[in-house]
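Throughout, protein chains are lettered first and strands after them, A, B, ... in sequence-line order, and every chain is numbered starting at 1. Remember, it's a predicted structure, so these values are computed and weren't measured experimentally.
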There are 2 protein chains.
Amino acid sequence: MGMYYPSMARASTTSDAFNAVAEPRRREILSFLAFDERPVGDIVAALGLEQPSVSKHLRVLRDVGLVKARRDGRNMLYRTEAAAIRPLHEWTRTFERIWSHQLLRIKERAEKDSRP
Amino acid sequence: MGMYYPSMARASTTSDAFNAVAEPRRREILSFLAFDERPVGDIVAALGLEQPSVSKHLRVLRDVGLVKARRDGRNMLYRTEAAAIRPLHEWTRTFERIWSHQLLRIKERAEKDSRP
DNA sequence: GACACATATTCCCATATGGGTATGTATTAT
DNA sequence: ATAATACATACCCATATGGGAATATGTGTC
């Protein structure tokens with residue numbers, strides 16, 4: 001796992017959070033489960049997807065640690081493991097300084113151009 | 001574009017930044033081009049990929065606006081458009097409050113347990 | 001135990017991907 | 001004009017994906 005094989009079309013979806021989050025439905029699920037734990041049925045209702053599809057997305061999210069599950073009677077309660085999103089946040093954050101710098105330059109140029 | 005078709009395996013890679021960034025090689029490229037503009041050849045040398053593969057990754061990044069290109073003689077100079085990463089940053093940021101809260105609860109529990 | 005309910009897995013299928021090789025297309029050099 | 005350099009595209013191939021339908025598994029209920 002995590003190794004690259006010759007003709008792998010892309011790093012497996014189950015291998016890292018970046019891939020898991022690339023799928024819009026999975027982002028919806030993460031948002032939906034951010035504050036409370038919820039049974040699968042609620043997610044199915046919220047997303048309007050078939051139950052098997054939802055279960056498969058949950059499986060992916062679980063494999064990369066983005067959600068946690070616990071059984072409650074016949075239900076499985078899922079919740080978002082927000083801390084697992086942190087690496088993505090950190091990665092994007094490394095560009096924050098750069099974009100503010102770029103914006104600054106754009107602003108400077110605009111001011112310069114507006115002066116006759 | 002951006003629409004969902006019946007049996008689409010996943011939102012097209014060219015449709016949004018989340019997908020573009022899901023590929024490790026493309027993240028490397030974005031980091032490599034973050035501070036300076038560079039010709040394709042430099043990227044090829046840095047990543048150790050074949051030139052066509054690099055060009056294809058650049059194409060994807062360009063289509064979603066994550067890099068900009070300009071011609072300079074025979075070279076094409078690419079640079080990261082850092083601001084385009086901002087939406088990802090914002091999305092991950094919505095979970096920041098939640099994870100600090102979760103960490104706090106873990107800490108509280110740990111302190112409670114350590115008291116006899 | 002039989003049955004209902006909630007999820008998870010398996011299977012099939014169409015489509016998206018990424019890598020490589022071969023081939024186009026600009027643009028500069030001779 | 002011809003050749004060389006630097007990229008971009010087209011094409012082929014193996015693999016990954018996601019959706020739905022059918023089926024298996026797990027867990028209360030009667």
Side-chain angles (χ1 to χ4, degrees), chain A residues 1-16 18-29 33 37-64 67-79, chain B residues 1-16 18-29 33 37-64 67-79:
Chain A
M1 318 278 186
M3 294 299 300
Y4 282 89
Y5 288 90
S7 191
M8 184 176 288
R10 180 191 272 190
S12 173
T13 239
T14 59
S15 62
D16 74 332
F18 282 96
N19 258 294
V21 159
E23 162 63 47
R25 267 40 209 282
R26 288 198 285 263
R27 289 201 296 279
E28 289 184 53
I29 292 176
L33 299 176
E37 52 183 6
R38 298 287 187 95
V40 178
D42 283 17
I43 308 171
V44 171
L47 297 208
L49 262 184
E50 294 298 318
Q51 172 266 313
S53 294
V54 171
S55 282
K56 278 190 284 188
H57 283 309
L58 287 169
R59 182 76 180 145
V60 169
L61 292 171
R62 233 170 110 172
D63 285 347
V64 300
V67 301
K68 296 290 180 187
R70 98 185 150 85
R71 184 170 276 290
D72 174 42
R74 285 188 287 208
N75 298 317
M76 284 294 275
L77 300 182
Y78 283 85
R79 67 178 175 73
Chain B
M1 319 275 187
M3 295 298 301
Y4 283 89
Y5 288 91
S7 190
M8 185 176 287
R10 179 191 273 189
S12 174
T13 241
T14 58
S15 62
D16 73 331
F18 281 96
N19 258 294
V21 159
E23 161 64 46
R25 265 42 207 281
R26 288 197 286 262
R27 289 201 297 279
E28 289 184 53
I29 292 176
L33 300 175
E37 52 183 6
R38 298 288 186 93
V40 178
D42 283 17
I43 308 172
V44 171
L47 297 210
L49 262 183
E50 294 298 318
Q51 173 265 313
S53 294
V54 171
S55 282
K56 275 191 287 187
H57 283 309
L58 287 169
R59 182 75 181 149
V60 169
L61 292 171
R62 233 170 111 172
D63 285 347
V64 300
V67 301
K68 295 290 181 190
R70 93 184 156 86
R71 181 170 278 288
D72 174 43
R74 286 188 286 207
N75 297 316
M76 284 293 275
L77 299 182
Y78 283 85
R79 68 178 173 74

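In this structure, CD of E28(B) is placed 14 Å from C1' of dG18(C), rounded to the nearest angstrom. One atom, CD1 of I43(B), and another, P of dG19(C), lie 14 Å apart when rounded to the nearest Å. Counting to the nearest Å, the C1' atom of dA6(C) and the CZ atom of R70(A) are 15 Å from each other. Going from atom CG of L47(B) over to atom P of dG20(C) covers 11 Å, rounded to whole Å. Rounded to whole Å, the distance from CG on D63(B) to C1' on dA16(C) is 15 Å. At whole-Å resolution of the value, CD1 in I29(A) and P in dG18(D) are 11 Å apart. F18(A) places its CZ atom 18 Å from the P atom of dT17(C), with the value rounded to the nearest Å.
Side-chain proximity of L58(A) to the nucleotides dA8(D), dA8(C), dT27(C) is greatest for dA8(C). Of the candidate nucleotides dT21(C), dG18(C), dA6(D), dA6(D) has the atom nearest to the side chain of R74(B). Among dG20(D), dG19(C), dA29(C), the nucleotide with an atom closest to any side-chain atom of K56(A) is dG20(D). Of the candidate nucleotides dT7(C), dA8(D), dG19(C), dG19(C) has the atom nearest to the side chain of S53(B). Closest to the P39(A) side chain, of the nucleotides dA21(D), dT7(C), dC7(D), is dT7(C). Minimum atom distance to the side chain of R26(B) is reached by dG18(C), of the listed dA26(C), dC11(C), dG18(C). Closest approach to the R25(B) side chain among dG19(C), dT28(C), dT7(C) is made by dG19(C) (side chain taken as heavy atoms from C-beta onward). Taking only side-chain atoms of N75(B), from C-beta outward, the nucleotide of dT7(C), dA4(D), dC7(D) with the closest atom is dC7(D). Closest approach to the H57(A) side chain among dG18(D), dA10(D), dG28(D) is made by dG18(D) (side chain taken as heavy atoms from C-beta onward). Of the listed nucleotides (dA8(D), dA21(D), dT21(C)), dA21(D) has the atom at the smallest distance from the side chain of E50(A).
Across A22(B) and N19(A), no two heavy atoms sit closer than the pair O-ND2, 3.3 Å. Y78(A) and V40(A) get closest at one heavy-atom pair: CE1-CG2, 3.6 Å.
Projected onto DNA chain C by closest heavy-atom contact, M76(A) and L49(B) fall at different nucleotides, the more 5' of which corresponds to M76(A).
Interface remark: the Q51(A) side chain does form a donor-acceptor pair with the dA8(C) base, using a distance-only criterion of under 3.5 Å.
Taking side-chain N and O atoms only, Y78(B) has no distance below 4.0 Å to OP1 or OP2 of dA6(D). Considering only side-chain N and O atoms, R71(A) lies under 4.0 angstrom from the phosphate OP1 or OP2 of dT27(D).
When each of R62(B), H57(B), R79(B) is checked for a side-chain contact (heavy atoms from CB on, under 4.5 Å) with V67(B), only R62(B) meets the rule.
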